[in-house]
Amino acid sequence: MIARVWKGKTKIKHSEAYTKVIIERDIPDYEKTKGFVKLTFLKRSDNQFTYFKLITFWKDLEVIKNFIGPDLVKAVSYKEDDKYLVDFPGNVMHYEVFAE
């Protein structure tokens with residue numbers, strides 16, 4: 001199993017709106033992909049920003065290619081993200097899950 005890790009941040013004023021977008025748009029998009037196992041979305045805030053971290057779990061790298069395409073380190077981006085994210089991190093990290 002492969003874990004794919006993405007992180008991003010919004011201004012505090014966009015935190016709730018972006019959380020709603022994640023729940024309504026992103027999560028269903030991941031869940032409809034064959035070979036997707038599960039996900040964990042995390043967030044925390046300080047005085048200026050809300051930081052998001054997404055960990056998705058996939059059967060293998062081939063499944064991820066079916067979701068994102070051949071560039072495995074490319075982050076998934078949606079048109080609306082530009083109005084919420086302070087800086088869009090274009091890359092993700094992959095880890096082999098060896099124990100749970």
Side-chain angles (χ1 to χ4, degrees):
M1 183 165 47
I2 303 296
R4 181 177 165 91
V5 181
W6 172 87
K7 59 184 178 179
K9 68 181 180 183
T10 64
K11 292 181 179 178
I12 291 289
K13 68 181 181 180
H14 295 136
S15 177
E16 290 308 311
Y18 193 59
T19 298
K20 184 177 179 185
V21 166
I22 288 168
I23 291 168
E24 293 176 357
R25 179 199 65 193
D26 297 6
I27 293 173
D29 196 30
Y30 291 114
E31 290 175 335
K32 71 181 180 188
T33 304
K34 185 175 180 175
F36 168 80
V37 177
K38 63 182 179 178
L39 64 75
T40 301
F41 241 122
L42 309 168
K43 72 177 181 176
R44 70 174 179 83
S45 298
D46 60 21
N47 292 331
Q48 270 189 301
F49 300 105
T50 296
Y51 303 87
F52 293 88
K53 185 171 276 192
L54 167 64
I55 307 168
T56 54
F57 296 88
W58 306 83
K59 181 181 168 194
D60 55 36
L61 290 172
E62 287 304 312
V63 170
I64 296 171
K65 284 181 186 175
N66 291 337
F67 178 68
I68 187 65
D71 188 358
L72 287 173
V73 298
K74 181 181 175 187
V76 174
S77 65
Y78 300 90
K79 198 162 124 181
E80 283 182 304
D81 289 343
D82 289 343
K83 69 181 185 181
Y84 298 114
L85 293 170
V86 173
D87 54 356
F88 184 79
N91 294 326
V92 299
M93 298 290 295
H94 293 95
Y95 298 87
E96 180 181 346
V97 178
F98 67 91
E100 286 188 271

Item to check | Contact check, side chains of Leu39 and Leu54, non-hydrogen atoms, under 4.5 Å | outcome: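 A side-chain contact under 4.5 Å exists here.
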Item to check | Non-hydrogen side-chain atoms of Val63 and Lys34 separated by less than 4.5 Å | outcome: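 Side chain of Val63 against side chain of Lys34, heavy atoms only: no contact under 4.5 Å found.
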Checklist entry - Angle class for the Tyr30/Trp58 ring planes (parallel below 30°, perpendicular above 60°, tilted otherwise)? => result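 Correct class here is perpendicular.
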Which pairs of donor and acceptor atoms, one on a side chain in residues 93-100, lie under 3.5 Å apart (sequence neighbours left out)?
residue, atom, partner, partner atom, Å
His94, NE2, Arg4, NH1, 3.0
His94, NE2, Leu72, O, 3.4
Glu100, OE2, Lys38, NZ, 3.0

Next on the checklist: Please say yes or no: joined through hydrophobic side-chain contacts below 4.5 Å, possibly via intermediate residues, are Ile55 and Leu85 part of one cluster?
Outcome noted: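 No, no single cluster joins them.
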Item to check | Steps toward side chain to side chain contact (heavy atoms under 4.5 Å, CB included) verdict (Val21, Glu16) | outcome: CA-CA 9 Å; Val21 166; Glu16 290 308 311; over 6 Å; no
With sequence neighbours excluded, what pairs up with [X] under the salt bridge (Lys or Arg N to Asp or Glu O under 4.0 Å) test?
X     : answer
Lys83 : none
Asp60 : none
Lys32 : Asp29
Asp26 : none

Item to check | Set of ring-ring contact (aromatic ring centres under 6.0 Å, His included) partners for Tyr84, sequence neighbours left out | outcome: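 ring-ring contact (aromatic ring centres under 6.0 Å, His included) list for Tyr84, sorted by chain: His14, Tyr18.
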Checklist entry - Which is it for Asp46 and Lys9 under the salt bridge (charged side-chain N to carboxylate O under 4.0 Å, His left out) test, yes or no, and what are the steps along the way? => result CA-CA 11 Å; Asp46 60 21; Lys9 68 181 180 183; over 6 Å; no
Item to check | Set of side-chain hydrogen bond (donor to acceptor under 3.5 Å, both in side chains) partners for Thr19, sequence neighbours left out | outcome: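 So Thr19 forms a side-chain hydrogen bond (donor to acceptor under 3.5 Å, both in side chains) with Lys43.
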How long is the gap from [atom1] on [X] to [atom2] on [Y], to the nearest 0.5 Å?
X     : Y     : atom1 : atom2 : answer
Ile22 : Thr10 : CD1   : OG1   : 8.0 Å
Lys74 : Asn91 : NZ    : CG    : 10.5 Å
Met1  : Lys59 : CE    : NZ    : 12.5 Å

Checklist entry - Taking the hydrophobic residues Ile, Leu, Val, Met, Phe, Trp and Tyr, and joining any pair whose side-chain heavy atoms are under 4.5 Å apart, which ones share a cluster with Phe49? => result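 Members besides Phe49, by chain and number: Tyr51, Val86.
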Checklist entry - Which residue pairs pass the side chain to side chain donor-acceptor pair (under 3.5 Å) test when at least one of the two sits in residues 63-72, sequence neighbours left out? => result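 Counting only pairs at least two positions apart or across chains, the side chain to side chain donor-acceptor pair (under 3.5 Å) contacts touching residues 63-72 are Glu62-Lys65.
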Next on the checklist: For Asn47, give me all partners under side chain to side chain contact (heavy atoms under 4.5 Å, CB included), at least two apart in sequence or on another chain.
Outcome noted: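 Partners of Asn47 by the side chain to side chain contact (heavy atoms under 4.5 Å, CB included) criterion come out as none, since no residue qualifies.
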Item to check | Which residues share a side chain to side chain contact (heavy atoms under 4.5 Å, CB included) with Ile12, sequence neighbours left out | outcome: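 Partners of Ile12 under the side chain to side chain contact (heavy atoms under 4.5 Å, CB included) test: Ser45, Thr50.
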Checklist entry - Using the benzene-type ring in the case of Trp, are the ring centres of Phe36 and Phe57 under 6.0 Å apart? => result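 No, the ring centres sit 6.0 Å or more apart.
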Item to check | Check: Trp6 ring centroid to Phe52 ring centroid under 6.0 Å | outcome: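 No, ring centres 6.0 Å or more apart.
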Next on the checklist: Minimum heavy-atom separation for Pro28 and Ile23, please, with both atom names.
Outcome noted: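 Minimum heavy-atom contact is CD-O, 3.3 Å.
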Item to check | side-chain contact (heavy atoms from CB on, under 4.5 Å), paired with Ile64, selected from Thr33, Ile2, Val92 | outcome: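 Looking at Thr33, Ile2, Val92, the match for Ile64 under the side-chain contact (heavy atoms from CB on, under 4.5 Å) is Ile2.
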